[in-house]
Amino acid sequence: MAKKTIKTLARQAQDELLEESQNSALLQEDFATKAYQMDVVRIETTLAELNILLGMPAVIRSGFVQDDANKLITIPTVFAKVDGLPANEKPYWQHLDSIRDTNGLQALVTRHMNTSDWRISSEDFNAIMSNFTAQALQQSDAWAYQLLNKLLQNQIAEAIVALLSDWPFSVSQTIENQQFVLSVLLDLPKELLEMSLEVDYPKEVPLLAVVHQESLGELTFEDIVAFNMFHQLGWDVVVYSPHAFASLENYMTTDSYDKFSYDKVRTTSSATGDPKKSFLQKWFGN
């Protein structure tokens, strides 16, 4: 026999409001979709609206869907690269400074994403790929995220399976490359991954902003794999490249991200110097 329950007046009012609004995501309680399965779709946007979109909660973005019957939430996210600098640089750098200084769900990355040279063994890789599911992945000897919240572990495992299946990379999907990618995905910075626990979808979307300065050098395939992982976890990912250095385009298909360009490009240190010296003098040292 089912236990009898009585609703308080506040609970009755809340339930009636949700019913009248068809369970509007704007009115639901905090973290109401925390246990929902997440489906990430990429928003194709414009440079003019990029910063506006980055501040928008998921619920008011085009393509957002919350399926309460199937416990599924579709999160529209940004994956973009911005080359060069605007004529007025001040708002550009102020935007990056605000990301760096925020206490919210934003991270400004100015270093490489790989944390070690660890690579999964062929034995562990073959065992995982023989039954490549989120559940089996978490039960493998190579799973390194046991300390994280269990819901987050599930999300990470599902994101890894989706990423290897979708393969947004322009490099060939060989066994060796799959093994490399899986190694990177199993060795990501846990302090960044843990930020996903604080995200209250659909009310907010975390941001991973990458500043590709000259001092950082080449962004590696490991970096690009990591960026894709955070995007698959429902993050907005934007690579800012004042020098217009290549990065995403070296390793990803052109339909996997938006690419924007300002008219001005910051000069590298190697291209600057004594203006009295000709190019040939600098090149040959005479």
Side-chain angles (χ1 to χ4, degrees), residues 38-65 73-84 92 95-96 99 102 104-114 155-156 158-171 173 177 181 184-185 188-189 192-193 195-196 199 201-202 204-212 216 218-242 244-262:
M38 191 162 55
D39 182 26
V40 175
V41 297
R42 185 174 69 82
I43 301 177
E44 291 186 341
T45 184
T46 66
L47 180 57
E49 68 176 351
L50 180 61
N51 287 349
I52 299 173
L53 188 60
L54 293 179
M56 283 186 181
V59 67
I60 61 175
R61 295 184 179 193
S62 300
F64 170 79
V65 178
I73 187 168
T74 300
I75 305 294
T77 58
V78 173
F79 201 151
K81 179 173 187 275
V82 180
D83 281 344
Y92 176 96
H95 170 64
L96 294 180
I99 297 172
T102 185
L105 294 171
Q106 299 182 344
L108 186 69
V109 176
T110 56
R111 61 181 179 85
H112 294 287
M113 297 291 286
N114 55 309
Q155 290 176 356
I156 292 171
E158 289 168 359
I160 290 174
V161 172
L163 194 53
L164 263 75
S165 299
D166 294 343
W167 199 259
F169 311 111
S170 56
V171 301
Q173 195 173 0
N177 285 337
V181 168
V184 175
L185 296 177
L188 292 172
L192 280 179
L193 290 172
M195 285 180 64
S196 295
V199 183
Y201 292 117
E204 52 194 345
V205 179
L207 169 64
L208 184 73
V210 183
V211 185
H212 191 186
L216 186 60
E218 179 185 349
L219 287 180
T220 65
F221 186 31
E222 294 166 286
D223 293 319
I224 308 308
V225 170
F227 301 158
N228 274 272
M229 178 61 174
F230 282 96
H231 179 247
Q232 191 66 48
L233 283 170
W235 292 53
D236 288 331
V237 177
V238 183
V239 177
Y240 294 92
S241 181
F245 292 144
S247 56
L248 301 184
E249 54 268 55
N250 286 340
Y251 301 105
M252 292 178 63
T253 58
T254 55
D255 61 349
S256 298
Y257 64 98
D258 277 334
K259 186 175 180 180
F260 306 115
S261 297
Y262 287 113

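Keep in mind the model is a prediction, meaning the values are calculated, not measured.
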> Should the pair Phe79 and His231 be assigned to parallel (<30°), tilted (30 to 60°) or perpendicular (>60°) ring geometry?
Replying inline: tilted
If I compare all heavy atoms of [X] with all of [Y], which pair ends up nearest, and what's the gap?
{"X": "Arg61", "Y": "Ile43", "result": "CD-CD1, 3.8 Å"}
{"X": "Tyr257", "Y": "Arg42", "result": "C-NH1, 3.5 Å"}
{"X": "Val40", "Y": "Leu233", "result": "CG2-C, 4.5 Å"}
{"X": "Val109", "Y": "Arg111", "result": "CG1-O, 3.2 Å"}
{"X": "Ala58", "Y": "Ile75", "result": "CB-CD1, 4.1 Å"}
{"X": "Val238", "Y": "Val78", "result": "CG2-CG1, 4.2 Å"}

> Phe221 and Phe169: ring-ring contact (aromatic ring centres under 6.0 Å, His included), yes or no, with the steps?
Replying inline: CA-CA 9 Å; Phe221 186 31; Phe169 311 111; 5.4 Å; yes
Between [options], which is the residue that forms a side-chain contact (heavy atoms from CB on, under 4.5 Å) with [X]?
{"X": "Met252", "options": "Val171, Asn228, Val225", "answer": "Asn228"}
{"X": "Phe245", "options": "His212, Glu218, Lys81", "answer": "His212"}
{"X": "Val239", "options": "Ile224, Val211, Leu219, Asp223", "answer": "Leu219"}

> Given Gln106 and Leu54, is the side-chain contact (heavy atoms from CB on, under 4.5 Å) satisfied, shown in steps?
Replying inline: CA-CA 10 Å; Gln106 299 182 344; Leu54 293 179; over 6 Å; no
Can you measure from [atom1] ([X]) to [atom2] ([Y]) and round to the nearest 0.5 angstrom?
{"X": "Leu164", "Y": "Gln232", "atom1": "CG", "atom2": "CD", "result": "10.5 Å"}
{"X": "Leu188", "Y": "Met229", "atom1": "CG", "atom2": "CE", "result": "6.0 Å"}
{"X": "Phe230", "Y": "Leu193", "atom1": "CZ", "atom2": "CG", "result": "4.5 Å"}
{"X": "Asp236", "Y": "Leu207", "atom1": "CG", "atom2": "CG", "result": "6.0 Å"}

> Is it true that a side-chain atom of His112 and a backbone atom of Leu216 form a donor plus acceptor pair closer than 3.5 Å?
Replying inline: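 Such a contact is found between His112 side chain and Leu216 backbone.
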> Between Tyr201 and Gly234, is there a donor-acceptor pair closer than 3.5 Å when you use the side chain of the first and the backbone of the second?
Replying inline: yes
> Does the side chain of Trp167 pick up a donor-acceptor pair with the side chain of Thr253 at under 3.5 Å?
Replying inline: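 No, no side-chain donor-acceptor contact under 3.5 Å.
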